[in-house]
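Heads up, the thing below is written out as structure tokens.
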Protein chains: 2
Amino acid sequence: MITSMERSTDPGPRGGPVLQDSVTEAITNAFFEELAAVGYGRLSMEAVARRAGSGKAAIYRRWPSKEAMTADLVGQVSVRAADTLDTGTLRGDVLAFLTATDEALRHPLVSRILPDLLASAAYHPAIAAVLGDEIGTARRRKVGAILRRAVERGELPESADIELGLDFMAGPLYWGTAIRSAPADPGRLERLTDMIIAALAA
Amino acid sequence: MITSMERSTDPGPRGGPVLQDSVTEAITNAFFEELAAVGYGRLSMEAVARRAGSGKAAIYRRWPSKEAMTADLVGQVSVRAADTLDTGTLRGDVLAFLTATDEALRHPLVSRILPDLLASAAYHPAIAAVLGDEIGTARRRKVGAILRRAVERGELPESADIELGLDFMAGPLYWGTAIRSAPADPGRLERLTDMIIAALAA
DNA sequence: CCTTGACGAGACGATACCGTTCCGTCTCGT
DNA sequence: ACGAGACGGAACGGTATCGTCTCGTCAAGG
């Protein structure tokens, strides 16, 4: 599925004469900027090359197609998000998670790219696969850890539904921040946190 | 902005020789099917005409551009959703609202089109305007009515935040049903209802 | 110093749309 | 019966993108 070469994305200390990292980086940046500018459906390799100041051949030397490039690059980025640390209380964990997620969603590139990718997943199985891994699995793991710790502390009943918990941790924030474009407001995240905890405890 | 003719979408009892309704309907259906098939970004007028079994001229006789056609047709559809009736209790109102919305989100065309349009709104102001009206305003009015009735009944404190309430009524359901593609499950809507009410009361 | 190979640039044929403009046909209301 | 006008179909010139391929340049290693 993802068929890009490892040498440029993971060149190691010295892998011999190699596709130049600076070019790979320029293409990567150009890709995300272009993705934010026109969306996946209208993204063209020529535009990416133009923006990167490179030739198209430099792109096709690295990835066999637009879909493979997208899957590879999106996969790389999403992997980064670190686990939320244990703040000692459910409220602290939730607020930290919401704050981090809200900040990510407000990034100018993310706020334009993410909804587009989520929609594109319906048309392109390769994208759906990457997002399913990154958003589905990774996110479920993080939220699951938070809820599990809360259950251990006795802050939540054991009956708490992890799947629905994920919907509450992600849904209202995504809807408000990414779709409704609600202005940044720490107070909103505080209230959101209290409401989510109330929902989780129900 | 929306410049389609009134004669065919609202021909009245007898408006003289008119663009044929059957063609308008064929084009409308083809538009939504094509939208579901390839998304807004890649939607082509030729494909719509092909699918409708019409000539492109028949489309351009009705709308001046793809954007105007989209705004007009999407606006027409979204208008339909009726107000939720008063069931007498907050729980009944919320469950009815969630059930209706969930059903709508599961419609094969809606589930593919809506996320795409929400994403496209970031690139096309005309779409953003229509969605802002239909989803933003209309939805805020509906949910606002439900919450206001609940406050009058004493089921919710007066301090309830309508804006955040909207995020909770829409977010988890949209995330679970449209993004996570959770299977249809009445029990899930029941639990969702209880959790939303707990959140609203927090 | 000379070979190697990635580089930017861009031409290439193929394909797809755009929005417009013609056909010749058919269905109306008059 | 007639004329207006919408119809499906097809073609127009123009633009954009695809993925491939060929240039001449340039930097590094042997």
Side-chain angles (χ1 to χ4, degrees), chain A residues 3-9 11-31 34-35 37-72 120 123-124 126, chain B residues 3-31 34-35 37-70 72 120 123-124 126:
Chain A
T3 42
S4 77
M5 71 292 93
E6 312 71 40
R7 292 186 307 169
S8 73
T9 62
R14 233 343 6 108
V18 161
L19 302 178
Q20 295 179 16
D21 277 10
S22 65
V23 175
T24 300
E25 192 182 327
I27 292 175
T28 301
N29 292 337
F31 167 78
E34 197 61 26
L35 192 52
V38 305
Y40 181 79
R42 304 206 68 83
L43 181 109
S44 83
M45 303 299 251
E46 307 213 343
V48 172
R50 208 180 307 133
R51 194 186 283 266
S54 80
K56 284 194 290 179
I59 299 180
Y60 283 102
R61 226 172 271 128
R62 289 167 169 78
W63 299 276
S65 70
K66 165 176 152 182
E67 201 162 57
M69 174 174 63
T70 304
D72 183 31
S120 301
Y123 311 105
H124 307 279
Chain B
T3 42
S4 76
M5 71 292 97
E6 310 73 39
R7 293 188 307 172
S8 73
T9 62
D10 179 18
R14 236 338 9 107
V18 160
L19 302 176
Q20 296 179 17
D21 276 12
S22 65
V23 175
T24 301
E25 191 181 328
I27 292 174
T28 301
N29 291 338
F31 167 78
E34 196 62 25
L35 191 53
V38 305
Y40 181 80
R42 303 205 70 82
L43 182 109
S44 82
M45 301 300 249
E46 304 213 343
V48 173
R50 210 179 305 132
R51 193 186 282 265
S54 80
K56 283 195 288 180
I59 299 180
Y60 282 103
R61 224 172 271 129
R62 291 168 169 75
W63 298 277
S65 71
K66 166 176 152 181
E67 202 163 55
M69 173 173 65
T70 305
D72 183 31
S120 301
Y123 310 105
H124 307 279

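Proteins get letters first, then strands, A, B, ... in listed order; numbering begins at 1 in each. Note that the coordinates shown come from a computational prediction; the quantities given were computed from them, not determined experimentally.
Helical stems of DNA chain C (runs of at least 3 Watson-Crick or G-U pairs, donor-acceptor distances under 3.5 Å) are listed by first residue: C:1-30 with D:1-30.
Distance Trp63(B) CH2 to dG19(C) C1': 16 Å, rounded to the nearest Å. For the pair Asp21(A) CG and dA6(C) C1', the interatomic distance rounds to 13 Å; values are reported in whole Å. Between Glu67(B) atom CD and dG19(C) atom C1' the separation is 16 Å, expressed in whole Å. In this structure, CD1 of Ile59(A) is placed 12 Å from C1' of dG8(C), rounded to the nearest angstrom.
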Kindly determine whether Arg62(A) and Val23(A) satisfy side-chain contact (heavy atoms from CB on, under 4.5 Å), including the steps that lead there. CA-CA 10 Å; Arg62(A) 289 167 169 78; Val23(A) 175; 3.6 Å; yes
Audit row: His124(A), Tyr40(A), side-chain contact (heavy atoms from CB on, under 4.5 Å) steps and yes/no: CA-CA 10 Å; His124(A) 307 279; Tyr40(A) 181 79; 3.4 Å; yes
Report the C-alpha distance between Thr70(A) and Trp63(A) in whole Å, list the side-chain angles of each, state the deciding distance to 0.1 Å, and finish with yes or no for side-chain contact (heavy atoms from CB on, under 4.5 Å). CA-CA 9 Å; Thr70(A) 304; Trp63(A) 299 276; over 6 Å; no
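A heavy atom lying under 4.0 Å from DNA chain C marks none of the residues of residues 41-51 of chain A.
Across all strands, Lys56(A) comes closer than 4.0 Å to base atoms (heavy-atom distances).
For dC7(C), the OP1/OP2 oxygens have a side-chain nitrogen or oxygen of Arg61(A) closer than 4.0 Å.
Nearest heavy atoms, Val48(B) versus Ile27(B): CG1-O, 4.0 Å. Between Ala52(B) and Ala26(B), the shortest heavy-atom contact is CB-O, 3.7 Å. Taking each heavy atom of Ala68(A) and Ser65(A) in turn, the nearest pair found is N-OG, 3.2 Å. When all heavy atoms of Met45(B) and Lys56(B) are compared, the closest pair comes out as O-CG, 4.4 Å. Taking every heavy atom of both residues into account, Ala126(A) and Ala71(A) meet most closely at O-CB, 4.5 Å.
Out of dC7(D), dC21(D), dG8(C), the shortest distance to the side chain of Arg62(B) is found at dC7(D). With dC7(D), dG9(D), dG8(C) as the candidates, the nucleotide lying closest to the side chain of Ala57(B) is dG9(D).
Every residue meeting the salt bridge (charged side-chain N to carboxylate O under 4.0 Å, His left out) condition with Glu34(B), not counting sequence neighbours, appears here in chain and number order: Arg51(B).
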